[in-house]
Undergrad: 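Dropping a structure here in structure tokens format, bear with me for questions.
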Number of protein chains: 2
Amino acid sequence: MTQGGDADIATIGALVADPGRCRILLALGDGRALPAARLAAEAGVSAATASSHLGRLTNAGLLAVEAHGRHRYYRLAGPAVARLIEALQQLAPTTPIRSLRQDTRAQALRSARTCYDHLAGHLGVELMSAMIDRGDLTGGDGTFDPSHAQQDKRTGYGHDVDYTLTESGTSFVASFGLRVPAHRRLIRYCVDWSEQRHHLAGALGRSLLDRFTETDWIRRSDTSRAVHVTETGQKGLHETFGITLGR
Amino acid sequence: MTQGGDADIATIGALVADPGRCRILLALGDGRALPAARLAAEAGVSAATASSHLGRLTNAGLLAVEAHGRHRYYRLAGPAVARLIEALQQLAPTTPIRSLRQDTRAQALRSARTCYDHLAGHLGVELMSAMIDRGDLTGGDGTFDPSHAQQDKRTGYGHDVDYTLTESGTSFVASFGLRVPAHRRLIRYCVDWSEQRHHLAGALGRSLLDRFTETDWIRRSDTSRAVHVTETGQKGLHETFGITLGR
DNA sequence: TCCACGCTTCGATGGAGGTCGAAGCGATCC
DNA sequence: GGATCGCTTCGACCTCCATCGAAGCGTGGA
């Protein structure tokens, strides 16, 4: 009588029943995307074992994978996975002493981080959303569309079929002092891990990150991918994009 | 290097890796306390197997157990366990169709329910807190103290060492029309599952539940332990105890 | 005091899956 | 285009644990 979907949570539970898999999930817990070899090292297992783990986790929808050259980058598939990890940590026998530090670090990454060469996290998606609101970009509503994520799972990037730069966007690029590399596709997007919405990638995304760094709106961390927004940056982001970051 | 507390979440994960154990946790998911035999039936396993599961879950701190006569009642040890179950359900492949109904049912139980013969849930803890504020009870601040929960894990009940009825409390008992059984300890408390705070048990707790039912402030469900607060009850609770229930 | 009942412990059985080396498969570099 | 690198697949081994019957242990009732 209690068959079917009822105890299927046990199949998810089985995935977090192995120390190696848990170490993989913890390594990805802050939203980074890491290659398989790195995760094998983190888990302390051979490449073969790690591959088996990664396959099962991906198959179950806990991880997403992007192929970049001959590397395969794995990341958490969504915030629900992070919630699961947090719930497990809360119940773990020895409450990790560095949980606070770990938490603030993860918090910082969720708030604003770099994703390769562009901005991600809350700041990243707010920025893209603001540019759409301003009329600089058009073609999407900035919300998450799973069907696109599905299409682009292989590369991890979205194309510019959905988003295009408007005329006012072009003039903004000039007035804001963006130096946009010509040899790259102008607009790409990523599905943001922590927000489940798009953030801006491509040449435009990169030039924005560069310009923000130049004008000291943001400062990048040496040790992690977290991004700190300066007071100047908070003011500027509010005036230019209407973005107010929560504390 | 990644030893110690790090991968201990896998030991928790292992507990939710078994369908039988998951069915047990799901059966307890709304905060009820059920005897071992009932849980064996819910899980679809023998008493021996269920006992093994219950032992492991209790040992790991996911379940709490109260001995009543020759029965042993198991319940979730705290809200963190419920959060874990919810996180798992969210990731489960087939999102259960009755999740909405199940959720509202759990919601109702969290809001107000009976616990044996007295009130628990949000209403239960608010009631006890209000009586302390009014000066009817004294000796505790109504917040959760883990050290007491530890002491009382064996019985599941707290003693009256912390809480005593004041003079004004005595007159309230009379004026409110409470008929307090003489042969029972007047004041006990339980650590509320969903609130992690104390709610009122003992003879006083029971007589309050009886009186509320008499005056039609609340109506008890036939099928579950959920409690419905009538309009009269909402008004009365507000006027007498200063309690305003959310929506 | 003896029996019935609820639950736990013990011991034996069987299946699921974590592990790694070796081989296979693309992609990249020189 | 051959060598190297990153990753996956395959096959074999072995440990862990879910399961149940039977026995043991309190509690409650007659």
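Just so it is clear: chains get the letters A, B, ... in the order the sequence lines come, proteins before strands, and each one is counted from 1.
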Undergrad: When you match Arg56(A) and Ala37(B) each to their closest nucleotide on DNA chain C, which lands nearer the 5' end?
TA: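 Result of the comparison: Ala37(B).
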
Undergrad: Could you check how far CG of Leu54(B) sits from P of dT19(D), rounded to whole Å?
TA: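 It works out to 12 Å between those atoms.
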
Undergrad: Identify whether any heavy atom of Ala36(B) sits under 4.0 Å from a base atom; if not, whether one sits that close to sugar-phosphate; answer base, sugar-phosphate or nothing.
TA: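 The residue Ala36(B) makes sugar-phosphate contact but no base contact.
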
Undergrad: What is the distance, rounded to the nearest whole Å, between atom NE2 of His71(A) and atom P of dT8(D)?
TA: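 Distance, rounded to whole Å: 12 Å.
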
Undergrad: Using the side-chain heavy atoms of Tyr74(B), tell me which of these nucleotides is nearest: dT19(D), dT19(C), dC7(C).
TA: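 Given the options dT19(D), dT19(C), dC7(C), the side chain of Tyr74(B) is closest to dC7(C).
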
Undergrad: Answer whether the closest heavy-atom distance between the side chains of Val65(A) and Tyr73(A) falls below 4.5 Å.
TA: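 No, their side chains stay 4.5 Å or more apart.
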
Undergrad: Asp18(A): what forms a salt bridge (Lys or Arg N to Asp or Glu O under 4.0 Å) with it, not counting sequence neighbours?
TA: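 Per chain and number, Asp18(A) pairs via salt bridge (Lys or Arg N to Asp or Glu O under 4.0 Å) with no residue.
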
Undergrad: Quickly work out the Arg21(A) CZ to dA16(C) C1' distance and round it to whole Å.
TA: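 Spelled out: CZ on Arg21(A) to C1' on dA16(C) is 12 Å.
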
Undergrad: Once each nucleotide of nucleotides 22-30 of chain C is scored for protein heavy atoms under 4.0 Å, what B/S/- sequence comes out, 5' to 3'?
TA: -----BB--

Undergrad: Using a heavy-atom cut-off of 4.0 Å across all strands, would you classify Arg38(A) as base, sugar-phosphate, or nothing?
TA: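 No contact at all - Arg38(A) keeps every heavy atom at 4.0 Å or more from the nucleic acid.
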
Undergrad: From Arg220(A) CZ over to Thr213(A) OG1, what is the distance, rounded to the nearest 0.5 angstrom?
TA: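 Here the interatomic distance stands at 6.0 Å.
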
Undergrad: Given side chains that start at C-beta, do those of Leu137(B) and Leu200(B) come closer than 4.5 Å, heavy atoms only?
TA: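 The answer is yes; the side chains approach within 4.5 Å.
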
Undergrad: Roughly how many Å is it from CD1 in Ile24(B) to C1' in dC7(C), rounded to a whole number?
TA: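 After rounding, the reported distance stands at 13 Å.
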
Undergrad: Does a side-chain N-to-carboxylate-O contact under 4.0 Å join Glu214(B) and Arg211(B)?
TA: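 A salt bridge links Glu214(B) with Arg211(B).
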
Undergrad: Looking at five pairs on each end of the helix from dT1(C)-dA30(D) to dC30(C)-dG1(D), what is the angle between the two axes, given to 10 degrees?
TA: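 What I find for the helix from dT1(C)-dA30(D) to dC30(C)-dG1(D) is an axis angle of 30°.
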
Undergrad: Provide, to the nearest angstrom, the distance between the CG atom belonging to Leu39(A) and the C1' atom belonging to dG6(D).
TA: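 Interatomic distance, CG of Leu39(A) to C1' of dG6(D): 13 Å.
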
Undergrad: Whole angstroms only, please: what is the NE2-P distance between His53(A) and dA16(C)?
TA: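 In whole Å, dA16(C) P and His53(A) NE2 are 19 Å from each other.
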
Undergrad: Just compare dC20(C), dT8(D), dT9(C) and give me whichever is closest to any side-chain atom of Ser51(B).
TA: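 Nucleotide nearest to Ser51(B)'s side chain: dT9(C).
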
Undergrad: Looking at Thr49(A), I'd like to know whether one of its side-chain N or O atoms comes within less than 4.0 Å of OP1 or OP2 on dG18(C).
TA: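 It does not, given that no N or O in the side chain of Thr49(A) lies less than 4.0 Å from OP1 or OP2 of dG18(C).
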
Undergrad: Please round to the nearest 0.5 Å and tell me the distance separating atom CG of Leu119(B) and atom CG of Leu209(B).
TA: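 Spacing of CG (Leu119(B)) from CG (Leu209(B)) equals 4.5 Å.
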
Undergrad: Is any side-chain heavy atom of Leu39(B) less than 4.5 Å from a side-chain heavy atom of Leu28(B)?
TA: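 Yes. Closest side-chain heavy atoms under 4.5 Å.
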
Undergrad: Could you go through Ser46(A) and Thr49(A), starting from their C-alpha distance and side-chain angles, then the distance that decides it, and tell me whether this counts as side chain to side chain donor-acceptor pair (under 3.5 Å)?
TA: CA-CA 5 Å; Ser46(A) 73; Thr49(A) 303; 3.2 Å; yes

Undergrad: May I have the step-by-step check of side chain to side chain donor-acceptor pair (under 3.5 Å) for His228(B) and Arg219(B), ending in yes or no?
TA: CA-CA 5 Å; His228(B) 173 70; Arg219(B) 287 176 196 153; 5.2 Å; no

Undergrad: Please determine, for the side chain of Asp18(A), which listed nucleotide (dT8(C), dG18(C), dT8(D)) has the closest atom?
TA: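 The listed nucleotide nearest to Asp18(A)'s side chain is dG18(C).
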
Undergrad: For Arg206(A) and His118(A), what are the C-alpha separation, side-chain angles and deciding distance, and is it a side chain to side chain donor-acceptor pair (under 3.5 Å)?
TA: CA-CA 5 Å; Arg206(A) 153 148 207 180; His118(A) 53 266; over 6 Å; no

Undergrad: Please report, rounded to the nearest Å, how far the C1' atom of dC17(D) is from the CG atom of Leu15(B).
TA: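 Between C1' of dC17(D) and CG of Leu15(B): 12 Å.
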
Undergrad: Figure out the CG/P separation between Leu57(A) and dC7(D), and round it to whole Å.
TA: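 Rounded to the whole Å, the gap is 16 Å.
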
